[in-house]
Structure formats: C-alpha cells, structure tokens
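To start, the structure under review is shown below, and the notes come after it.
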Amino acid sequence: MKDGFVKVAAASPDLRVAEPAYNAGEIVDLIRKAEELDVKILVFPELSITGYTCGDLFFQKSLQRAAEAALGSIVKDTASSDVLVFVGYPFQWNGKLYNTAVAIKGGKVLAIIPKKNLPSYGEFYETRWFTPAPGNVDTVEFLGQKVLFGNKIILDASMPSTLSIGCEICEDLWVPESPSQRLALNGATVIVNLSASDEIIGKDEYRKNLISSVSARLVCGYIYADAADGESSTDMVFTGSNLIAENGAVLVSSSFKSNELTITELDTDKLAMERERMNTFISADDGYERVPVQFRVCETRLTRRFSSHPFVPADEDERKSRCDEILRLQAYGLKKRLIASHAAKAVIGLSGGLDSTLALLVTVKAFDLLRRDRKDIIAITMPCFGTTARTKSNAEKLAESLNVDFRTIDITKSVLQHFEDIQQSIDDLSVTYENAQARERTQVLMDVANKEGGIVIGTGDLSELALGWATYNGDHMSMYGVNSSIPKTLVRYLVRHTADSMPGESSIVLYDILATPVSPELLPATKDGQIAQVTEDIVGPYELHDFFLYYMVRFGFPPAKIFRLACEAFHGDYSQEFIKKWLVVFVRRFFQQQFKRSCLPDGPKVGTVTFSPRSDWRMPSDAAADVWLKEAESIEVVQ
C-alpha cells in the first residue's frame, strides 16, 4: 500500500451454470491465490455465484437457497483474508430479485450493490428476472448481518487514504449516464465492474476503448471482470475479457483464461493528485453512504512496468507516429511565428549537436510549409576554444545537405577582447570562461537577425531547462524556442526518426551527430582534438533526469516515490546509490535554476510537461528546496 500503490485483480472462474456450491469453491481458490500474491481488491464476474445465463432458473427457490448457502461459505472460508472481494449474486429483497455485487472482506458482507441498468435488447433479457436498483440505500438483514443495500455506496480505505472504491455492473458502463460518473465525482478513485459481456466480432476492441476512455474521463482506476467460457451456452459465447485501466491507459488485459488472475497495481495517489490538479474535475456530495475498509499495511510488490523513457513510446509504430506529430507541431508553431513577426530570415546557431540539429530540421520543415526558399534560413557555426573538428564539420555538412545559408563566424577574437575588458585570465577555466562564449554566440545571432530582418530560433530543450543547463542571457534566449518542451531523450528519437527517412548525405551526417557525445563545447578540446566537456559526466545521465522530471512535474511525486520507480525502471542499468546521487542533484538544480525558467521565450507546447511561465509552470524563483532535498538525501539504498 506504500506510495498509493494497491495490488488489484480481476478473475473469471471456470464456473458451472446453476451450480453455486461448485462455483463458490472455484471462487475461494482464486481468493486464496490472490492473497498469496498480496492482492487487496479482487473482482469476479456478474452473477458469478450462479452463472449469468441461468434464465428462468433464477426464479427457482432451490437455486436461490443454494446461492445463499454458497455465498455464506465464501464469507466463512475467507474470514481471515485481507482481500476485498466483489462477487456477483442474485439477491432477493422485498419480493424482488436484484442482480448485485456483494462486497466481502474478513468474514463480513460490507455492502450489496444492485445493478441499475438492466438490458433487455438483442440477446439480453434481464428485466424478465431482475428489478433495477432502487434510488435509495437501505439496511437489510443478510447472512445474520446488517448490510447496506443500494448503488449509492462507496467503500473507503484508510490506507492508502486515496483509495475509495465504487461499483457498477456490466450494462451500467455502457449507458450514457453511468453510475461510475457520480461515484467518481463523489470520491471513488477505483471503479469495479462485474460483467457478463458475451463476445462478438469487434466487441473486444470496442470494450477496451470504452473502459480506457471512461478511466481517463473519470480519472480513475477501472477493474473489469468478465464471465469466461463456462458461461457459454445456447446462443452466447463468453471469453473472460478481463482488463484493468488507469486514467486512460490499459495496464493489463487477458481473455480466454479461466481460473487465472489478471493482476496489476493501481496508483491511487497519482489519481488523487491528477484530480487535484484539474480544476474542471468538480467533486460532489450526493449523500453517498461510506463504508470503511481496513487493510493490513504492507509494501506492495510492483509487477507493472515503468518505462525508463516515459516521454518516448515503447511501441515502434506508436513512436514513429508520435515523432511525426511532434515535428509537425513544432513546425506549425514556428510557421505562425514567422508569419506574425514578418521575419525575412530565420537565424539559428548550428553547433553540430543534437539540439541545434533538431531546431534546424524543424525550421526547414516550417519554411517548406510556407513554400519559402530555404536559403532564407541562416545557420551559423561559431567556433571558439572548445569547438572540435567533428562538430564543426557536421554542422557544415548538415547545412549544405539541407540547402540552407551556412556561415562561419569565429568568435575567438571577440571573446579574447571581452576577457581583456573584464580582466578574465585565459587560463581561468571558470564559469565566466564558459558563459562568455555562450553569450557572445547569442549576441552574434541576435545582431545577424537584426541585420537580416529575421528572428533567432532557440535550440535549448526541456531537460536543459529543468536542470538550468543553459547560460542566462546566452543560449537561454531567443525569439522562439522550438525545442522548449522536448526532453533530451525525445530529441534523440526525433533526430533518429528524421535520419531514418532522409536520403543521402543528410542521413549520414545525422547518424554521426547522434553518435557524438552531448557537449556545450565551452572548454578546450583534448590534445587529440576530442570533446573534453561531456555534459552527462557533469550533470548525470539525461535518461535519469528526464525520468525524475516526468514524475516530479507531471504528477507531483515526492523524491522517495520517484526513487522507487526509478529503481524499478532502471534495474540492471544503474545502482540504487547512483540513482540517488543524481536524484539529489536533480532536486537541487531544479530549485536553484527556476529563475531561468521564469523568463523563457515563447515556444510550442507539444506534451504535458513544459515550463512556460505564462501557462504551465508557475514557481517562485526563491522557493526553498529543503523539504525535497531532505527526503531525497534520507533515502536508504540497497547495495
């Protein structure tokens, strides 16, 4: 339960229609299996005690008595269990039958929740046997206990406090106004659905899309348990299409698997934070009854995978599509700025590194959209003390292959004159030595832009902004920063995607740029002319920092939780000690460098994380980092 993670499961028992005792045995076996795996919430299909397809047998007193006895045996046999179980049961009350979900835990029936929307179309005929849920919540006597009965019930856990569970049944999901809407607005972060959805062509994909969409719209976890092939009878076939979704993402799914658990973990802290952030998610108080649920505290063992590159889709086809979309968004944003500013030229500092390469590719795309001559793009390389032959050559080759105006302006003399003016020794390789070069380069770009009637295209990326790895009033400034919401890990994929699709010389030089170490090249090269200043040796691996950035800014996770997820994602790549070291660096730099993010130039927003001070990120430049640093520094690592 630590960090808001709750292990949950859906299960489709291999049941026998109209044989409750047998079905109860199968259900108990699955509950015990779930408990061994530390599952806390387990959902079974609709009417799983009797079977959904009993038809007119539901009216038979023999079946009703057998069903009650079977449910009683489940309650008794799982009295010591810490699993909250939802089973489907035909409940009789006040002379009517109800299709219900019974919530059981620790030898007690916590609630009986009836189905509200009963289908009687196509192959379904539920109104023949069942009555829709009443509008109010009553207390009923059942199995010697007083139990709440109604569908306006939410089960609240104390640990984690962000876990609240609501329930709906099968058709309730498919209607225009589902019970889950009000359940979520009244605080339910997890919705369970007991279903008996038969299978026809195309329905499985539609169902996945529906549940994914509902979990996104309601910002909830959704556990869907479907009847398996033991229900298949007469004209219907069931396949046990179980799935679990979280805020728009299907975490796990399975079908054609009886007596197995579809299992994962839901992050209820993340869901609660997301609702907190969205001011359009308006909480309600519709008088729902709250039932407390106590779980034994334990650290949930994580089985769900966390991508080490959360900004980059793992699926190759999705990644290609995403890269095309991002490049298009960047280009269209720049296109508008060029039109609005009446820019005759676009001026860009081309270093031969990844960021400036991506910025040039985007600029070329924008000019092509405008049907303008690429020679109106001025790419300038500005060699100085740390420039290597490799990057300078790559800059020139790339510019020539893209047919843009390429210029070389050596800034060495200007920087040396500046050093003399401010009494900076050429042998003092301090931050002044580095930043003077960066600011001189920016001055050259700005002045050329003025001279040519153009605008300067910024090249800095999102990761650099997070770490403050930019020279204030140097490469930090531009008229439009096309990479401002692109993290470094994604920059690499965007350049590679372009290289894969470009012919000839452009492709060759792009692959070499991809193989070049990331560096600002502000310190003298080695004696053999190689890059001496490798960025990731100084600030740490960008893939770690992008991971920290994603979970800290997008979801507001505390350092300890970010560390836990990073250890899962980078297991086998980095030690826990190494991850902690760079997490502390990230937190410290993130707070110290906010002043650079408070005055950023415009740039296109292409993802959910961006630092524009005008829209997405408002943080005081002088905020104290102590709370975050203390937590990060106190993390215990396993050697």
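Predicted, not measured: the structure shown is a model, and the values here were computed from it. Basis for what follows: all heavy atoms, side chains included, without hydrogens, waters or symmetry-related copies.
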Practice item. Would you mind checking if R322 and E318 are paired as a salt bridge, meaning a charged N to carboxylate O distance below 4.0 Å? Key: yes
Check your understanding: Can a donor-acceptor pair be found between the side chains of T300 and E265 at a distance below 3.5 Å?
Key -> no
Review point. With a 3.5 Å cut-off and no angle check, do the side chains of D229 and S258 form a donor-acceptor pair?
Key: yes
Review point. For residues S255 and S241, is any side-chain donor paired with an opposing acceptor at under 3.5 Å?
Key: no
Check your understanding: Are side-chain N/O atoms of K203 and S197 paired as donor and acceptor at under 3.5 Å?
Key -> yes
Review point. Who pairs with A569 by side chain to side chain contact (heavy atoms under 4.5 Å, CB included), at least two apart in sequence or on another chain?
Key: F306, S308, F547
Practice item. Please identify each residue that fulfils side chain to side chain contact (heavy atoms under 4.5 Å, CB included) with Q92, with sequence neighbours left out. Key: K61, Q64, L97
Review point. Between K561 and D267, does at least one N-O distance fall below 4.0 Å, as a salt bridge requires?
Key: yes
Point to revise | All pairs passing side-chain hydrogen bond (donor to acceptor under 3.5 Å, both in side chains) where residues 212-223 contributes a residue, at least two apart | key: E168-Y222, N193-Y222
Check your understanding: Is there a side-chain contact between W129 and D56 (heavy atoms, below 4.5 Å)?
Key -> yes
Review point. Side-chain donor-acceptor pair under 3.5 Å between N117 and D172, yes or no?
Key: yes
Revision key, fill the gap. Hits for side chain to side chain contact (heavy atoms under 4.5 Å, CB included) against C54, two or more places apart or cross-chain, chain-then-number order -> V17, A18, T50, L57, F58, L63
Review point. Any side-chain donor-acceptor pair under 3.5 Å between T610 and D616?
Key: no
Exercise for review: Please name all residues satisfying salt bridge (Lys or Arg N to Asp or Glu O under 4.0 Å) with R207, sequence neighbours left out, ordered by chain then number.
Suggested key: E199, D204
Practice item. Sequence neighbours left out, what passes side chain to side chain contact (heavy atoms under 4.5 Å, CB included) with D286? Give chain and number order. Key: K152, R182, N186, A284, Y288
**Study point:** Residues Y52 and E126: side-chain donor-acceptor under 3.5 angstrom
**Key:** yes
Review point. More than 12 foreign heavy atoms under 6.0 Å from CD of E123: is that the case here?
Key: yes
Check your understanding: Does one side chain, of S254 or T262, offer a donor that lies under 3.5 Å from an acceptor on the other?
Key -> yes
Exercise for review: Apply side-chain contact (heavy atoms from CB on, under 4.5 Å) to the pair K116 and E171, showing each step before the final yes or no.
Suggested key: CA-CA 8 Å; K116 182 177 181 181; E171 186 75 9; over 6 Å; no
**Study point:** Residues D546 and T489: side-chain donor-acceptor under 3.5 angstrom
**Key:** yes
Revision key, fill the gap. Result for side chain to side chain contact (heavy atoms under 4.5 Å, CB included) between I49 and one of L15, N23, L71, V102 points to L71
Point to revise | NZ/NE/NH1/NH2 to OD/OE distance under 4.0 Å, K630 and E633 | key: no
Review point. Just wondering, are more than 12 heavy atoms of other shown residues or ligands nearer than 6.0 Å to CZ in F281?
Key: yes
Review point. Hey, mind stepping through W628 and F586 against ring-ring contact (aromatic ring centres under 6.0 Å, His included) and telling me if it holds?
Key: CA-CA 11 Å; W628 291 262; F586 176 84; over 10 Å; no
Exercise for review: Identify whether the distance between the nearest side-chain nitrogen and carboxylate oxygen of R290 and D156 falls below 4.0 Å.
Suggested key: yes
Review point. Would you say the side chains of N242 and S12 form a donor-acceptor pair under 3.5 Å?
Key: yes
